[in-house]
Structure formats: C-alpha cells, structure tokens
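Notes to accompany the following structure.
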2 protein chains.
Amino acid sequence: MSSDRPRPLNGQRVTSADVAAAAGVSRATVSYVLNGVHDRISEATRIRVYDAAERLGYVPNAVASALRAGRTEIILLAMPSWPLGPAVAEFVTAGVTEFERRGYTALVHFQAGGDSRVFARACDRVRPVALIAPEEDLPPARVAALRENGTRAVLAIAPRPLDHVATLVVDQGTVGEAAMDHLVERGHERIVVVMPTEPEFALLGKERLRGAQAYADAHGATAYPLHVPCDPGAIAAALAPILSHQPTALYAFNDEFAVAAIEALGEVQLAVIGTDDSMVARRLGLSSVSFGAPGNWSRIVARLHDTIEGVSDDLSPIVVHPHVVPHGST
Amino acid sequence: MSSDRPRPLNGQRVTSADVAAAAGVSRATVSYVLNGVHDRISEATRIRVYDAAERLGYVPNAVASALRAGRTEIILLAMPSWPLGPAVAEFVTAGVTEFERRGYTALVHFQAGGDSRVFARACDRVRPVALIAPEEDLPPARVAALRENGTRAVLAIAPRPLDHVATLVVDQGTVGEAAMDHLVERGHERIVVVMPTEPEFALLGKERLRGAQAYADAHGATAYPLHVPCDPGAIAAALAPILSHQPTALYAFNDEFAVAAIEALGEVQLAVIGTDDSMVARRLGLSSVSFGAPGNWSRIVARLHDTIEGVSDDLSPIVVHPHVVPHGST
DNA sequence: ATGAAAGCGCTAACAC
DNA sequence: GTGTTAGCGCTTTCAT
C-alpha cells in the first residue's frame, strides 16, 4: 500500500523537488505553501501543491530543515539519576505529553553511567532546540556551547537556583521539610527518620534527611536519623535503641521504606509518613509526600516555548514544591 | 573559559572551514583527518589539523553530517506502554548503556497518548539509524517509510515473531507460564491467579493470565483467576469463595499484588509467587518471575549494529525468556 | 504571485 | 598527499 505510491525515478525518498515538479511549480513555492506563508501564494497554486504533496506522500526532511534553520524541533529531557519508579514515570510522561501538545518532539536521555561525554555527544547529535538536564551536566561552558549550537532554551534541574542558567528547582530537602512539617503540625516532637543505605538512593536520602533535620532544628523538634537497608529486620534492630527516647512519629525515605518500617514496628504505635504517594501508600492509607510535578509542566513548557520563540526571556527559577497527601497513618 | 577561545570572525560556531583555515589545509583534508582516513594524509598534516581542531574547540555539526550521510547515529527506543517500575527501568538502562558503549546515542521515546502520529513525527525528526518500537507502531507501511528515511535496522517488540520486520519477542504469556511451571513442578495443582483490574495493568494482566491458564490446562492443574484491585481487602473478599477448592498456591500479577495477597491471606498458608523480582520481593523472600532482559541486550545491540553496518542481515526473531528467581515463599 | 539562486556544514568522488 | 567540487534537501532573500 505504500509501494504503489508514485515515486521519483531515482527510487529515493520524495523531496520537495518532486512535489514541485508534480505540481508544476518551483521548490520555493512548495516550501511557501507547506510552511503556511499564505499571503504570497494563490489559492489555485496552493491546492495544486497540497495535492501533489499528498499524492506523492511527501514528508519534509527534518534534517535538511534543521541544517538550514540551525535548529531542530526536538527537546531533550536528560534525567537526573533518580531511581525510576512510578513517581518519576509520572513526572516524565506528564512532561513529554505537554511538549508533544505544543508540537515539539520530546526525547528522554538516560545517563546510564555518569560519563558527561555521553551527554555531550547526545546534545551534539540531536541539536535539541531546548534542553532540560540536571545541573551536573550543565556547567557554564556547556550552556554556552549549547547556545551556539542552536539550543534556544536551557533549563537546569537543581536544588537551588543557578545563575548561569534558568533553573527548575527540585530540592529534595523540601521533601524532608514537608514531611516534618506535617508531623510537627500534628504535635509530634520526637521523630524517627528512616533513610536508605542502598547506593542508588544515597543522594536523595542525604538531601531529604538534611531537610528533615533542618526543619526539626528550626522548630524545636528532634529528628532521630536511621541509616538502614529496606528490610524490616534491619530497621527493627536499628530502631530498638531509639525507642527509649519515646519517639511518636516516623518519616521514611519512600513508601517502600515506610511499609518496611511499619512491619518493623510491630506492636509499637507511631505515626508514619512516607514519600511518593505511590499505589502502596494509597492502598495502605499511608500519608505520603508527593511532588505535584505534573501540574507544573504546562508552566514549564510555556516558558520554554516563549524562550524558544524569543517572545520573552524569563530566567527566573521555577520552583516545584512537594506537598503532603494525608491518609490515615498520621 | 569557553568565551576566550579563538572564534571565527562571524561569531558563530566553529566549522570545518575554520579548522581548515587555521591548519592551512582544505576542508576535505580536515574531514579526512577527523574521520580517520589515515592512509591518505601525511603525519605532519594530521598533527596540524588535530591541533587546530583542538585549539578552536571544533565539534563537527552532526546535522550536516546526517544530511550528507543520509543517516544519523541516533537510536530510538520507543517504549511500549508498560507501567514504569524497577523491572522496566532496568530494561531501559541496560539497553541504553549497551548502545552507548557501541558509540550510538540512545534516546527513549515515551508514547504519552496512543497517537501514532506523534511517533511518526518523532521518527521523521530524528531519523534514527535504528529503531526499537512496539509492533503497534510498526505496520509494514511505516517500516518501509523508515527504511527510505535512512533507518537501517528496525526491531519490533511483539509477543510473537512478525514477518515484515525483525522481532524482539517479549511474550507476557510466558511470564504466566513460568510462574505456573515453577508451582506445578513443586506439586501444586490448584493455583489462585491474582490479576489486576487497574486499567494501566490490564493488557499485561490479560497476557499473563492467558499464559498461566494455558499452562495449567496443559498440565492438569487448575487455575482460579481473580480480578481485583491491588488491595488486601478486595483480594481477601474475592479469595474467600475460592478457598473452598483448597488451592495450595497463588501467582500474583506483580510483586505488589503478591504482597497485598500475602496480607489478604492472613492465617491461610499458600505458596506465593510474584513477578518482577523487585526489591520488595528480595526483601520479603518472595519468589518472583523476572525477564532476564539485561543480559540479552548485548546480543540485541550486536545484531542491530551488524545490520546497520550491512555486515549481516539476520531477521530471525530474538526471544526473551522469563525465569523464576526462587526465594522462600514457594 | 512566482522563480532563480545562494548556502546551512559536511563528505567523497574525482582531479592533480 | 592534498585540493576542487558537487551535492544531501531545505528555506529565504532578491528579482521579476
């Protein structure tokens, strides 16, 4: 069904020259028609061109366009080394959807190993018109190089605003703060904080703990940090000595740790809050901290779009705030 | 630090012409040197060119290369609408890593809504040299169009081999089979199969159940399918009437459902097996079915590489098999 | 209202 | 051993 379409003699892909020939006009005219420069081409010609393009199954060569225009329509979303779970999945798909809605093609780059040259290569090859990446990948030199290469908008993901590039502020510390705030508001003053020892969680854990600790210090509460693997036995063992301080609540790194902690607690009654608002949390009635990121994407994409189009050049940081989804456990 | 590099007068990006001028040679020579056509250029010239390129911070324009060569170095990995959890995350990162190792740039495309035009647009814009995508996105016409556009290798993800395109056979039915096989081998004959009602799991659930059912039928065992949400209460309720049949084992859609089922069982003792070999499974000593996909990637990438290079043209399907990771629960 | 032509940056066939 | 040159397919002045 695609093979019986008329094809140019050379057997290659249909180009605008083929369409031009078929419509009896010049390539320039084809370009004008197909790019919607309406006040330049007569109705009759437009019809002929559209028709020929349709008949030949013409699809413009985006690489050629990109070379000519100096930029693509592709947006690269480089993921920080976040452990890939439902929360991150939601973040990504919401972002991708919003970009696609605006007519861009959003592609995700997973930095498998921490080699920044891989990322640099990806940028060079894709020449994305806009780019979202963790700050580690965006030192000033790279941002400059990107701009020279046709990238019109760059957004760094960082825990605090950077000054050489617009920043999407995702501070894991605020997750810890939100959790502690929720607990302290409910009268808890001695709070166990369960953080992971698993290396893939180390970074996130450190930040969340920092936030929790800072909040406790600032509000006259006490945080009892626990560094353990996600295992009820290990948690129980580490918890035992702390119970003598009579903690009344527990904040866990994520919902999985929260579940393990609940198991570890056994008879002991503590208020428990987790992180991610995952299915498990909802199922078990576990209060949980969540980044409401999806709702922020329309704002983010709108900003990038305006920057790309040169309409505005707002470099102010976009801050994403976590919020607590309360359930029965607190 | 990037701004004090010498730049061509026009203030734009360094091109091969700039390097040529700086090295006192032609652009052709620059191209030859940088593309490693060693038996053509004298040692002295090579040094001069490398030197100039380095000094100017020259990075070849991949878009121009791609236009000229008719192909890019980018590989697109379009994800089937699998729920993004640890198992899928491992699958993706293993694949990406292997491609990067081979010098390709692997980008992931998340089909947010099921609109195939979004995917088509992505292909047109990226012009990937190879492509892995679910079969829904690869009807014969599209495969043909891709080949015309410079995509040298196409791999469809499908539950069974397709004949218009090489296939990565990922049959969720075999997951059900593997689980049942494990249980039947251990003497179980009446097995509860817990499958989700959540829409995002519907497809996978249907296939896994089909496989489990088929295996049971073929081996004189009985499968008692249960369609429930991931909730201990719901599972317990649905389970109650079935317990009169004296089942001895339970196979759950995934590890989360397995955990919920264990909770639902309470005092009732059944052998339980889940799916995904997730952290939870390992933690709780839950036997689990896992696609050993990561190990398959080197084979997959090698095949695509050979096809891209035109070395071989093996179209035979690549079959990925699940296996059971046994723990204490069975 | 339309066409001719230049050129984005690169590579490779063909000179010398 | 090195340079000249012709495009890849597109867009966009500048002419007409």
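Remember, predicted model here, so these are calculated numbers, not experimental data.
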Checklist entry - B:Cys123 and B:Leu146: side-chain contact (heavy atoms from CB on, under 4.5 Å), yes or no, with the steps? => result CA-CA 8 Å; B:Cys123 292; B:Leu146 283 163; 3.8 Å; yes
Checklist outcome for this item: B:Arg13 atom CZ is separated from C:dG7 atom C1', nearest whole Å, by 19 Å
Next on the checklist: Over all strands shown, is A:Ser42 touching base, sugar-phosphate only, or nothing at heavy-atom distances under 4.0 angstrom?
Outcome noted: sugar-phosphate
Checklist entry - CZ of B:Arg299: more than 12 outside heavy atoms within 6.0 angstrom? => result yes
Checklist entry - How long is the line joining OH of A:Tyr32 and C1' of C:dG3, in whole Å? => result 9 Å
Checklist entry - Using a cut-off of 4.0 Å on non-hydrogen atoms, how would the nucleic acid contact of A:Val63 be classed: base, sugar-phosphate, or nothing? => result nothing
Checklist entry - To the nearest angstrom, how far is A:Arg71 atom CZ from D:dT12 atom P? => result 10 Å
Checklist outcome for this item: Between A:Ala64 and B:Arg40, whichever has its closest DNA chain C nucleotide further toward 5' is A:Ala64
Item to check | Steps toward salt bridge (Lys or Arg N to Asp or Glu O under 4.0 Å) verdict (A:Asp137, A:Arg142) | outcome: CA-CA 8 Å; A:Asp137 292 329; A:Arg142 171 142 305 281; over 6 Å; no
Checklist entry - Does A:Thr15 place a side-chain N or O at less than 4.0 Å from the phosphate oxygens OP1/OP2 of D:dC8? => result no
Item to check | Spacing between B:Arg46 atom CZ and D:dT2 atom C1', to the nearest angstrom | outcome: 15 Å
Checklist outcome for this item: Rounded to whole Å, the CG-C1' distance (B:Leu34 to C:dA12) equals 15 Å
Item to check | Nearest-Å distance for atom pair CG/P, residues A:Asn35 and D:dT13 | outcome: 13 Å
Item to check | Ring centres under 6.0 angstrom apart (B:Phe99, B:His305) | outcome: no
Checklist entry - Nearest-Å distance, CG (A:Asn149) to P (C:dC8)? => result 16 Å
Item to check | Nearest-nucleotide 5' precedence on DNA chain D, B:Ala69 against B:Gly24 | outcome: B:Gly24
Checklist entry - Which listed nucleotide (D:dG3, C:dG9, C:dG3) is nearest to the side chain of B:Ala28? => result D:dG3
Item to check | Phosphate-side-chain proximity, A:Thr29 and C:dG3, N/O vs OP1/OP2 below 4.0 Å | outcome: yes
Next on the checklist: Applying a 4.0 Å non-hydrogen cut-off, can you work out what B:Leu67 is touching in the nucleic acid: base, sugar-phosphate, or nothing?
Outcome noted: base
Item to check | First encountered from the 5' end of DNA chain C, between B:Val59 and A:Arg48 | outcome: A:Arg48
Checklist entry - Under 3.5 Å, is there a donor-acceptor pair linking the side chains of A:Ser316 and A:Asp314? => result yes
Checklist entry - Just to confirm, is there a sub-4.0 Å distance from OP1 or OP2 of C:dT2 to any side-chain nitrogen or oxygen of A:Thr45? => result yes
Checklist entry - So does A:Arg127 reach the base of C:dG9 with its side chain, donor to acceptor, closer than 3.5 Å? => result no
